[in-house]
Amino acid sequence: MTVRVRYAPSPTGLLHVGGARTALFNWAWARRHGGVFVLRIEDTDKERSTEESERSILEAMRWLGMEWDEGPGVEGPYGPYRQSERNARYQELCARLLEEGKAYRCFCDAERLTSLREQQMANKENPRYDGHCRDLSPEEVARRMAAGEPYTVRFRVPEGETRFTDHVRGEVVFQNKEVDDWVMLRSDGSPTYNFVVVCDDADMKITHVLRGEEHLVNTPKQVLLYEALGLEVPEFGHLPLMLGADKKKLSKRTGHTSVQVYRDLGYPRDAVVNFLCLQGWALDGETEVFSVDQLVESFEVRDVSKGGAVFDPEKFLWLAGEYLRQEAPEVCAERCAPYVIEAGQMTAEELEERSGWFQEVVRGMQERVRLYSELPEKIAFLFEGDEEVSYDEKAEKNARKHEHRAEVLAAVRDTLLPTLEAGADAAALSEAGKALLAEREWKFPALGQPLRCALTGAAGGPDLFDVLVWLGPERARVRLERAIERLA
RNA sequence: GGCCCCUUCGUCUAGUCAGGCCUAGGACACCAGGUUUUCAUCCUGGCGACAGGGGUUCAAAUCCCCUAGGGGUCACCA
């Protein structure tokens, strides 16, 4: 039997990182077993669903590299893949259950239900439907329908207990008396989640339902519905929740929750995928950094942890840096480019013209950056006017520690700049610099600290000889002259 | 509160299904050293956990029971 799994987001916002992880696990599981990954849009909530949100979710899914085999834009044998387009089928199945007495019409209005709930809570009872319309006579139902009274359709939960084997948690049992006669069809005739999810999963031949743990308590309702419909029950696997620092379900209160935000913040794509997988799953307990291929090779649902995972922004940042540093400079440069443009440091055209130069800068900066977005502020000194480089306090203090600072800077101007002009690279400049120091029997800091201050105005940063090359002889000369005066 | 789920370092986790190889391994963070022209990277070391209590067993992080704690969910949302 081919494995068929699905990810079924509701288009009511951006793609949540928890949802993305669920999708990733489903996707990996399908790929691992040569199965099919279905993407289905659960837009039964007309109030909150938007096309805009659907677009952004699809875009984020693609960005993460999850191609769906069936779903919006990809024809499949069980479409359409948007619930709003499948209404006829829901009505059909509902009519069947009604006919068989497995569901019934309920004429209780919102007002009655609300006061019922309030009363129950006041009595310290559990709020639940009281079965008021469960056994209405066919005549009464017909009469009230004819009178145009609005009604919902409720599922008639049978007696007994419902059990299923969860691939993450093992055997789970619910007493049916704890399960409410839930609403399948709203009074406007539209279907609810628990109803459509079963219809669609069955129609789409889904074999494994992997979803967040918040759905665990819905499962008995759904199992019961499969049984009432005479359908085969799929296998379930409830993934642990992703938690915020407060150990509660990850929400905006404790940090960013959408994939798009991390993308926009400049996290490498593969780092996002890798990190999400680390929440609740481990390759071997040793390897933290792994590829999508490795994920697909070894992902098993039974290896998923049971406990919730606190989302750790620090570790995420570390992992982002791991990925960014491994990138080829030209790739990294391309990904940093939008941020450089946004910061107003270079235009797209300039970036194009000086792509070699920019890549070289990126290469020199990669070890010092974790997110693409971090680059601009770290190379801002390159875009300052040469006459107005601002020295920060520590840089200037470091430079002033060396009494021969002016002399050393002058020596750099007189010996290194000509070398640079002649086309020397950073390695050659470094040699020349060291020779210059050896001559005078000075240690490196005597050169490094004044020079760094002169060139960058900062106490730390990239290799000085790289900086010399990036700046070029003209600009370096201006900065040196100015420093010789200012640091005198 | 009812029901359901969960519980190994601060955090992510390996080990639990098939009890001995675990004086519990790795990673992030933190601390201390080292390399380095600074910063960063990199390297070395340190700190640090089986929620508690009972069983079962020659032997329990691993199996059973209880307690405690945390979470999820209780809609004409999904």
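The figures here come from the full heavy-atom set of this structure, side chains too, leaving out hydrogens, waters and symmetry mates. Owing to the predicted nature of the structure, the values given are computational and were not obtained by experimental measurement. All chains are named by letter (A, B, ...) in the order of the sequence lines, taking the proteins before the strands, and each is independently numbered beginning at 1.
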Paired nucleotide for [N] [Watson-Crick or G-U wobble; both distances under 3.5 Å]:
N	result
B/G19	none
B/A68	B/U7
B/U38	none
B/G2	B/U73
B/C31	B/G45

Whole-Å [atom1] distance, [N] and [M]:
N	M	atom1	value
B/C64	B/U56	P	15 Å
B/C28	B/U44	P	11 Å
B/U11	B/G48	C1'	12 Å
B/G10	B/C5	P	27 Å
B/A24	B/C47	P	11 Å
B/C42	B/A29	P	9 Å
B/U57	B/G72	P	40 Å
B/A51	B/G71	C1'	15 Å

[X] side-chain N/O to [N] phosphate OP1/OP2 under 4.0 Å:
X	N	value
A/Lys247	B/U11	yes
A/Thr192	B/A78	no
A/Lys249	B/U73	yes
A/Arg211	B/A78	no
A/Arg117	B/A75	yes

For [N], does the base pair up with any side-chain atom of [X] as donor and acceptor (N or O, under 3.5 Å, distance only)?
X	N	result
A/Glu288	B/G26	yes
A/Lys315	B/C12	yes
A/Arg169	B/C5	no
A/Asn218	B/A78	yes

Which nucleotide, [options], lies nearest any side-chain atom of [X]?
X	options	result
A/Leu216	B/C12, B/C5, B/A29	B/C5
A/Glu178	B/G2, B/U38, B/C12	B/G2
A/Phe174	B/C4, B/C28, B/U38	B/C4
A/Tyr193	B/C76, B/U13, B/A78	B/A78

Begin from the C-alpha positions of A/His167 and A/Val304 and carry the test side-chain contact (heavy atoms from CB on, under 4.5 Å) through to its verdict.
CA-CA 9 Å; A/His167 281 238; A/Val304 172; over 6 Å; no
Return yes when atom CD of A/Glu171 has more than 12 non-hydrogen atoms of other residues, nucleotides or ligands closer than 6.0 Å, and no otherwise.
yes
Counting any heavy atom closer than 4.0 Å, what does A/Val179 reach on the DNA or RNA strands: base, sugar-phosphate only, or nothing?
nothing
Counting the atoms with a prime plus P, OP1 and OP2 as sugar-phosphate, which does A/Ser305 contact under 4.0 Å by heavy atoms, base, sugar-phosphate, or nothing?
sugar-phosphate
Taking for each residue the nucleotide of RNA chain B bearing the nearest heavy atom, is the 5' side occupied by A/Asp188 or by A/Arg302?
A/Arg302
Whichever of A/Asp246 and A/Lys394 has the more 5' nearest nucleotide on RNA chain B, that residue is A/Lys394
Proximity of A/Phe155 and A/Tyr104 rings by center, below 6.0 Å
no
Between A/Trp281 and A/Phe290, ring centroids under 6.0 Å:
yes
Is there a side-chain contact between A/Ser84 and A/Thr44, using heavy atoms and a 4.5 Å cut-off?
no
With no hydrogens and no angle check, do the side chains of A/Arg169 and A/His238 hold a donor and an acceptor under 3.5 Å apart?
no
Rounded to whole Å, please give me the gap between [atom1] in [X] and [atom2] in [N].
X	N	atom1	atom2	answer
A/Trp281	B/G15	CH2	P	11 Å
A/Leu241	B/C4	CG	P	18 Å
A/Lys124	B/C74	NZ	C1'	18 Å
A/Phe311	B/C12	CZ	P	12 Å
A/Leu243	B/G70	CG	C1'	9 Å
A/Arg48	B/C76	CZ	P	15 Å

Keeping the roles fixed (side chain from A/Asn26, backbone from A/Tyr7), state whether a donor-acceptor pair exists under 3.5 Å.
no
May I have the step-by-step check of ring pair (Phe, Tyr, Trp, His ring centres under 6.0 Å) for A/His256 and A/Phe311, ending in yes or no?
CA-CA 10 Å; A/His256 302 297; A/Phe311 188 94; 9.6 Å; no
